[in-house]
Amino acid sequence: MTVMSEPRVPARAVGTDDAVLDIRDLRMRYGATDVLAGVTFAARRGEVIALLGPNGAGKTTTIEILEGFRMRSAGDVSVLGADPARGGEQWRARLGVVLQSWRDHGRWRVRELLAHLGSYYAPYATERIPRPWDVDELVDAVGLSAHAAKRTGQLSGGQRRRLDVAIGIVGRPELLFLDEPTAGFDPEARREFHDLVHRLSDLDETTILLTTHDLDEAEKLADRILVLAGGRIVADGSADQLSRLMSTEAEVRWSRDGQRFVHSTADATGYVRELFRQYGEAVADLEVRRASLEDTYMALVHEFEAGRHDAAVHAFEAQRRGDA
Amino acid sequence: MSSGGEAIYNRIAMLRAERGISRRQLADAIGVHYQTIGYLERGEYSPSLHLALRIARYFEVPVEVVFATDPFPRLGSDAERSA
């Protein structure tokens with residue numbers, strides 16, 4: 001269980017809580033099938049969390065429960081201090097949602113649509129958070145300035161996705177759910193989207209929970225990564241913590257007298273020390289490559305699917321305690 | 001790539017094809033990145049002695065079946081046929 005740390009910004013309005021998300025033992029059952037079998041995690045204000053897991057692991061179900069779109073079977077869920085099953089308009093106005101596909105409003109023009117949707121949020125503006133987001137500023141932030149006058153039906157797939165993101169954040173949400181936000185983005189659009197996520201979390205302290213299948217993206221964006229498999233969180237930590245969790249081997253490369261060598265070892269430091277002891281200054285082009293998040297993720301999921309998920313979870317918890 | 005007597009030749013690609021093993025499978029088995037198998041097969045990198053022995057063990061053959069300091073005879077040559 002994650003322990004809340006001290007608030008990063010001391011001055012807060014009275015009564016606000018830094019635990020934006022607090023989920024304990026969340027369960028979801030469809031008929032006789034447990035889709036979620038006890039999910040527990042929390043998120044602090046301004047934290048970016050990536051929820052990873054194989055297809056059918058329960059990612060979308062989890063997000064839909066937190067959004068209040070789906071009623072849970074059991075468990076305690078607090079989202080922005082309220083139970084999503086009973087959240088009112090006031091509460092909903094503080095959430096942003098970007099679904100996997102959102103294809104509607106085809107005849108609206110980009111700028112008009114955002115201005116219209118934004119107007120619904122105006123009554124929920126606060127001293128700290130002006131609502132809605134200024135339309136021109138928003139259109140610019142998502143990189144749609146050149147297309148602001150277009151009908152949404154005329155946008156390309158990537159542009160449409162940017163509009164989906166704009167619709168999700170037009171109300172300046174305090175908590176933003178992004179379900180596979182960059183599906184269909186080219187590398188440049190992806191980079192711009194990452195910049196936008198950093199801006200939302202760093203400047204506006206928006207808490208973001210996103211799902212993705214792009215592990216490189218998760219590594220770049222997320223403060224913390226949760227791996228959901230078989231209806232449980234099997235790993236919870238930073239990309240770096242996760243990569244140290246699985247004892248995958250590191251690859252050592254070097255050259256000597258113009259010849260290139262490669263070796264794999266669990267103890268890269270020891271190997272390199274020995275390499276220098278033997279060959280000293282003849283060693284050049286030294287490179288140590290550790291397991292990527294993808295390697296770790298695959299190892300975790302395979303371990304889980306092999307029925308050893310309890311071992312994986314315990315190893316992870318031991319690792320975290322060791323780090324603390 | 002390397003000059004003089006330092007060159008190391010290998011038959012990793014041939015063994016892999018013969019056994020129906022993918023680069024990914026071999027990479028996972030010996031703990032290197034996927035692309036590194038390509039580097040090894042093309043001779044851009046030489047394996048450490050330990051890694052070479054592990055590759056040989058993976059294919060269950062003596063190390064000299066996989067690695068040599070002289071080029072391997074082409075398949076179908078006399079040396080190969082009499083072997």
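To find a chain, count down the sequence lines: A is the first, B the second, and so on, and within it residues start at 1. Since the structure is predicted, the reported quantities are computational estimates derived from the model, not experimental observations.
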Close side-chain approach of A:Gln259 and B:Ile8, heavy atoms under 4.5 Å: yes

Non-hydrogen side-chain atoms of B:Ser48 and A:Tyr271 separated by less than 4.5 Å: yes

Evaluate whether atom [atom1] of [X] has more than 12 neighbouring non-hydrogen atoms of other residues, nucleotides or ligands under 6.0 angstrom away.
X	atom1	result
A:Arg191	CZ	no
A:Glu188	CD	no
B:Arg42	CZ	yes
A:Gln278	CD	yes

Contact class of B:Leu40 relative to chain A, heavy atoms under 4.5 angstrom: side chain

Approximate separation, where rounding is to 0.5 Å, of B:Asp28 CG and A:Glu249 CD: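 Taking CG in B:Asp28 and CD in A:Glu249, the distance rounds to 11.0 Å.
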
Test log, rule side-chain contact (heavy atoms from CB on, under 4.5 Å), inputs A:Ser264 and B:His50: CA-CA 9 Å; A:Ser264 80; B:His50 191 257; over 6 Å; no

Check: A:Glu251 side chain, B:His33 main-chain N or O, donor-acceptor pair, under 3.5 Å: yes

Check: B:Ser46 side chain, A:Val262 main-chain N or O, donor-acceptor pair, under 3.5 Å: no

Contact summary for A:Phe261 and B:Tyr45, nearest pair of heavy atoms: O-CD2, 3.4 Å

Trace of the side-chain hydrogen bond (donor to acceptor under 3.5 Å, both in side chains) decision for A:Arg253 with B:Thr36: CA-CA 10 Å; A:Arg253 295 183 186 184; B:Thr36 302; 2.9 Å; yes

Cation-pi, B:Tyr39 ring and A:Arg260 (6.0 angstrom, 45 degrees):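 No, a cation-pi geometry is absent between A:Arg260 and B:Tyr39.
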
Under 4.5 Å from any heavy atom of chain B - which part of A:Arg256: neither

